[in-house]
Amino acid sequence: MADQTRANPNDDNYEEKKDRKTVNLDRILVEEIGEIGPYQLRTLVLSVVVVIFAAWAASEYVFTTARISTRCLIQECETRESTEFRPSWVFNAVPDSGSSFDNCRRFDGINGTAWRSDVCPADWFNRENVVDCEEFIYENTDTVVYDYGLACDEWRRTLIGSVRTFGTLTALPITGYVSDRWGRRTALSINAFNTAWMGTVRYFAGTYVGFLISEVAEATFGSAGFSCCYILLMELVGPKYRVIAGATMNTFFSIGQITMGFIAWGVPNWQNLTLTLYVPQFITISYFWIMSESVRWYMSKGRFEEAEKVLKDVARVNKKALSDNSLQLLRENVIEEERQKANEEAEKASEPWLIVLVFRHKAILTRVLVSPIWWITTTFIYYGMSINSVNMSGNRYLNYVAVSAAEIPGYWTAVLLMGRIGRKPVLAGAFWICAACQVGYIFMPDGLYGASLTLYLIGKYSIAMVMTSVYVYTAELYPTKYRHSLFAFSSMMGRIGSIVAPLTPAFGAIVWDNLPFALFGGFALLSGLLVLITPETLGSKLPDTMDEASMIGVKTKKAAA
């Protein structure tokens with residue numbers, strides 16, 4: 001009986017039956033309406049505007065909470081009303097600190113000294129006794145360090161960035177729920193609008209706690225705009241162009257950081273900078289009406305008429321023809337896939353828990369243990385290098401712009417090399433180049449600004465290569481059935497690195513100036529070594545089961561033997 005129901009190639013309806021099984025959205029994109037065309041490009045342009053805005057929001061704290069040079073108020077010699085930041089007598093009262101003076105300490109005064117504002121002789125101070133400042137003088141009033149009295153309080157200053165990054169962690173499940181329930185376009189519009197108004201409201205934050213709450217609230221309810229745009233674009237372009245589209249999105253995120261560096265240079269005051277960055281973002285309110293919803297989301301909700309309308313719009317704008325037969329077959333296949341998915345979910349309920357399956361497959365367990373370390377390292381170094389760039393010698397704004405620009409060739413180098421030399425060489429090599437740059441930066445002699453910056457930029461370039469590669473490689477290591485869950489585990493663990501990264505300037509200020517770079521180098525070296533214990537995936541079919549995933553690389557070794 002089974003043989004009688006099997007499709008017969010000599011049957012007149014054989015081709016139709018075959019098409020019925022193979023027609024899906026990707027095939028329609030490739031064969032009928034176009035993998036990339038004016039419609040997709042329009043969506044890309046709209047998306048990159050949001051991506052640039054997202055880059056501004058994600059990194060503005062680097063400048064609004066940046067260090068301000070400070071020194072102690074010397075009560076014996078000056079009053080706050082008649083204060084010069086670098087008076088000629090400053091080293092009589094304040095210890096030397098390299099090329100400048102100590103920001104947080106002074107020499108203890110000798111009792112009985114007179115108050116004079118023009119002369120402050122060294123013999124008025126006990127140079128053997130160094131004490132902490134009681135009051136501070138600030139070089140400028142550009143950042144919240146001045147407004148909230150954070151002069152030498154590195155922990156409270158850097159905590160702002162960590163708290164904000166923690167908010168991005170909570171944003172993912174919230175936005176994911178909204179996106180799956182009410183649509184990608186709705187989730188994007190909500191995130192973009194929340195970013196605009198919550199960021200603007202920060203202008204009025206009058207206290208440190210208020211500023212902190214504003215940062216974490218904006219991150220929690222508005223920082224997932226990038227992921228919304230990414231999903232919308234990936235669900236609309238054809239398979240051939242998805243990697244390129246993803247690299248383009250990352251490129252424009254870097255462009256957003258570059259433009260923000262120049263804007264911050266031109267508008268250094270944090271309150272004015274806040275308005276400059278966030279008020280223009282109110283234009284994203286219009287996205288709910290001018291951006292189309294994801295076809296794939298419409299189909300997943302059974303809203304086929306709306307999905308077909310979008311597909312016809314894509315075909316019309318791209319000047320392509322879309323057959324009614326393809327739409328009908330697509331609808332039937334989506335219904336069948338949903339039915340199969342429901343059956344799989346029912347079967348899954350009787351299967352062992354995922355953690356049990358992982359422990360049953362040692363190869364998968366190894367990957368589950370090491371891939372989060374790659375992600376933690378990647379986010380720790382990527383964000384840490386951006387944050388610490390403003391504390392390097394030279395112009396903080398140009399340093400930040402240069403470091404952000406170095407990411408762009410890194411993204412595209414990874415795209416070009418991964419398909420040619422493999423995932424492992426690119427990933428491990430980039431980690432090790434980054435580690436070598438950190439070591440070189442630590443031991444670089446003082447005064448070689450150009451050489452130091454060059455090493456720094458190569459390090460950022462290499463970690464940008466890792467950022468692109470680790471997404472692709474991690475996804476290819478796991479089976480289809482559990483890929484999303486295991487990939488999400490690594491990605492979520494990676495947030496640890498991005499949360500700790502803003503604290504690295506405090507580590508350097510309190511323990512050792514070069515401690516952040518020693519940590520970057522150590523983690524990069526370790527992660528590069530851990531790449532070597534996982535298999536190469538270039539040329540391998542994406543695994544569907546745990547057994548298939550466990551065998552990646554094993555067959556190649558046997559064939560070579």
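Nothing fancy with the numbering, it's 1 onward along the sequence. Scope of the values below: all heavy atoms of this structure, side chains included, with no hydrogens, waters or symmetry mates.
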*Asks:* Run the side-chain hydrogen bond (donor to acceptor under 3.5 Å, both in side chains) test on S323 and S326 for me, step by step, so that the C-alpha distance in whole Å, both residues' side-chain angles and the decisive distance to 0.1 Å come before the verdict.
*Replies:* CA-CA 5 Å; S323 69; S326 294; 2.7 Å; yes
*Asks:* When you measure from the side chain of S527 to the backbone of A524, do you find a donor-acceptor pair of N or O atoms at a distance under 3.5 Å?
*Replies:* no
*Asks:* How far does CD1 of I408 sit from CZ of F252, to the nearest 0.5 angstrom?
*Replies:*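 Output value for this atom pair is 8.5 Å.
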*Asks:* Which is it for E336 and R339 under the salt bridge (charged side-chain N to carboxylate O under 4.0 Å, His left out) test, yes or no, and what are the steps along the way?
*Replies:* CA-CA 5 Å; E336 179 61 28; R339 188 182 297 115; 2.4 Å; yes
*Asks:* How long is the span from the OG1 atom in T378 to the CD1 atom in I463, to the nearest 0.5 Å?
*Replies:*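 Output value for this atom pair is 5.0 Å.
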*Asks:* Looking at I499, is its backbone amide N or carbonyl O close enough to the side chain of S162 to form a donor-acceptor pair, meaning the two atoms are under 3.5 Å apart?
*Replies:*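 Here the side-chain-to-backbone pair exists.
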*Asks:* With side-chain contact (heavy atoms from CB on, under 4.5 Å) as the criterion, how do L486 and L477 come out once you've worked through the C-alpha distance, each side chain's angles and the decisive distance to 0.1 Å?
*Replies:* CA-CA 9 Å; L486 295 174; L477 288 173; over 6 Å; no
*Asks:* Counting neighbours of CZ on F523 that are heavy atoms of other residues, nucleotides or ligands and sit closer than 6.0 Å, is the number greater than 12?
*Replies:* no
*Asks:* Looking at F288, does the NZ or CZ of R185 lie under 6.0 angstrom from its six-membered ring centre and within 45 degrees of the ring axis?
*Replies:* yes
*Asks:* Is there side-chain contact between N194 and E218, with heavy atoms separated by less than 4.5 Å?
*Replies:* no
*Asks:* What closest approach, in Å, do N318 and Y39 show between heavy atoms, and which atom pair accounts for it?
*Replies:* OD1-N, 2.9 Å
*Asks:* State whether the number of non-hydrogen atoms from other residues, nucleotides or ligands found under 6.0 Å of K541 atom NZ is greater than 12.
*Replies:* yes
*Asks:* Which distance, rounded to the nearest 0.5 Å, do you find between the CE of M546 and the OH of Y482?
*Replies:* 6.0 Å
*Asks:* Counting neighbours of CZ on F221 that are heavy atoms of other residues, nucleotides or ligands and sit closer than 6.0 Å, is the number greater than 12?
*Replies:*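 Incorrect, the count does not exceed 12.
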*Asks:* Please lay out, stage by stage, how Y382 and E407 fare under the test side-chain contact (heavy atoms from CB on, under 4.5 Å).
*Replies:* CA-CA 9 Å; Y382 177 86; E407 300 172 14; 2.7 Å; yes
*Asks:* Side chains of Q281 and T195: any donor to acceptor distance under 3.5 Å?
*Replies:*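 No, no side-chain donor-acceptor contact under 3.5 Å.
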*Asks:* Between R303 and W297, is any pair of side-chain heavy atoms under 4.5 Å apart?
*Replies:* yes
*Asks:* Between T170 and T220, is there a side-chain donor-acceptor contact under 3.5 Å, judged purely by atom types and distance?
*Replies:*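 T170 and T220 do have a side-chain donor-acceptor pair below 3.5 Å.
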*Asks:* Indicate yes or no: does R360 engage D547 in a salt bridge with an N to O separation below 4.0 Å.
*Replies:*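 Salt bridge absent between R360 and D547.
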*Asks:* With heavy-atom distances below 4.5 Å as the criterion, would you say the side chains of W432 and L525 are in contact?
*Replies:*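 The answer is yes; the side chains approach within 4.5 Å.
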*Asks:* Evaluate the side-chain proximity of I244 to I36: yes if any heavy-atom separation is below 4.5 Å, no if none is.
*Replies:* no
*Asks:* Please report the interatomic distance SG(C229) to CE(M249), rounded to the nearest 0.5 Å.
*Replies:* 5.0 Å
*Asks:* Side chains of K460 and S386 only: does a donor on one sit below 3.5 Å from an acceptor on the other?
*Replies:*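 Yes, a side-chain donor-acceptor pair sits under 3.5 Å.
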*Asks:* Please walk me through it: do W155 and F507 pass ring pair (Phe, Tyr, Trp, His ring centres under 6.0 Å)?
*Replies:* CA-CA 9 Å; W155 287 115; F507 298 159; 5.7 Å; yes
*Asks:* Any side-chain donor-acceptor pair under 3.5 Å between S292 and D313?
*Replies:* no
*Asks:* Using only atom types and a distance under 3.5 Å, with no angle test, would you say the side chain of S227 pairs donor to acceptor with the backbone of A224?
*Replies:*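 Answer holds: yes.
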*Asks:* So, do F304 and V334 sit near enough that their side-chain heavy atoms are less than 4.5 Å apart?
*Replies:* yes
*Asks:* Could you tell me which non-hydrogen atom of S550 sits nearest to which non-hydrogen atom of H361, and how far apart they are?
*Replies:*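 Heavy atoms of S550 and H361 come nearest at OG-CD2, 3.5 Å.
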*Asks:* Does the pair F193 and T284 meet the rule for a side-chain contact (heavy atoms from CB on, under 4.5 Å), with working shown?
*Replies:* CA-CA 7 Å; F193 177 66; T284 54; 5.5 Å; no
*Asks:* Any idea which heavy atoms bring S371 and S490 closest together, and the distance?
*Replies:*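 It is OG-OG, 2.8 Å.
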*Asks:* Kindly give the heavy-atom pair with the smallest separation between C437 and I458, and that separation in Å.
*Replies:* SG-CG2, 3.5 Å
*Asks:* Have W56 and T259 got a donor and an acceptor in their side chains that come within less than 3.5 Å?
*Replies:*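 Yes, T259 and W56 have a side-chain donor paired with an acceptor closer than 3.5 Å.
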*Asks:* I'd like to know whether CG of L532 has more than 12 heavy-atom contacts from other residues, nucleotides or ligands below 6.0 angstrom.
*Replies:*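 Result for CG/L532: enclosed.
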*Asks:* Any sub-3.5 Å donor-acceptor pair from Q438's side-chain atoms to A435's backbone N or O?
*Replies:* no
*Asks:* Counting C-beta onward and ignoring hydrogens, is there a side-chain heavy-atom pair between I231 and S294 closer than 4.5 Å?
*Replies:* no
*Asks:* Determine whether E35 and R242 satisfy the following criterion, salt bridge (charged side-chain N to carboxylate O under 4.0 Å, His left out), listing intermediate values before the conclusion.
*Replies:* CA-CA 9 Å; E35 294 188 76; R242 283 178 191 146; over 6 Å; no
*Asks:* Is it true that a side-chain atom of K424 and a backbone atom of T534 form a donor plus acceptor pair closer than 3.5 Å?
*Replies:* yes
*Asks:* If you look at every heavy atom in G528 and A428, which pair is closest and at what distance?
*Replies:* O-CB, 3.8 Å
*Asks:* Give, for atom CE of M299 and atom CZ of R331, the distance between the pair rounded to the nearest 0.5 Å.
*Replies:*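 Output value for this atom pair is 11.0 Å.
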*Asks:* Main chain of M465, side chain of T468: is a donor-acceptor contact present, judged purely on distance under 3.5 Å?
*Replies:* no
*Asks:* Please examine the side chains of Y473 and M418, heavy atoms only from C-beta on, and report whether any two atoms are closer than 4.5 Å.
*Replies:*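 Side chain of M418 against side chain of Y473, heavy atoms only: no contact under 4.5 Å found.
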*Asks:* Tell me the closest heavy-atom pair linking L330 and L25, and the distance in Å.
*Replies:*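 Looking at all heavy atoms of both residues, the shortest contact is CD1-N, 3.6 Å.
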*Asks:* Are F520 and C434 close enough, and set up right, to give a side-chain contact (heavy atoms from CB on, under 4.5 Å), and what steps lead you there?
*Replies:* CA-CA 8 Å; F520 297 157; C434 183; 5.7 Å; no
*Asks:* So, K301 side chain and D180 main chain: donor-acceptor pair closer than 3.5 Å or not?
*Replies:* yes
*Asks:* Apply side-chain hydrogen bond (donor to acceptor under 3.5 Å, both in side chains) to residues W412 and T251 and explain how you reach the verdict.
*Replies:* CA-CA 9 Å; W412 292 100; T251 297; 2.8 Å; yes
*Asks:* For the pair E536 (side chain) and R423 (backbone), establish whether a donor and an acceptor sit closer than 3.5 Å, ignoring hydrogens and angles.
*Replies:* yes
*Asks:* What I want to find out is whether R367 reaches E476 closely enough, with some N-O distance under 4.0 Å, to be called a salt bridge.
*Replies:* no
*Asks:* Determine whether a donor-acceptor pair (N or O, by modelled atom type, separation under 3.5 Å) exists between the side chain of R296 and the backbone of E235.
*Replies:*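 Side chain of R296 to backbone of E235: a pair is present.
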*Asks:* Begin from the C-alpha positions of F487 and W375 and carry the test ring pair (Phe, Tyr, Trp, His ring centres under 6.0 Å) through to its verdict.
*Replies:* CA-CA 10 Å; F487 181 93; W375 282 78; 5.4 Å; yes
*Asks:* Crowded around Y471 OH? As in, over 12 foreign heavy atoms under 6.0 Å?
*Replies:* no
*Asks:* Using modelled atom types only, decide if a donor and an acceptor are shared between the side chain of Y287 and the backbone of L46 within a distance under 3.5 Å.
*Replies:*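 Such a contact is found between Y287 side chain and L46 backbone.
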*Asks:* Can you find a pair of side-chain heavy atoms, one from Y383 and one from P502, that are under 4.5 Å apart?
*Replies:* no
*Asks:* Mind checking the CE-CD1 spacing from M493 to I376? Nearest 0.5 Å is all I need.
*Replies:* 4.5 Å
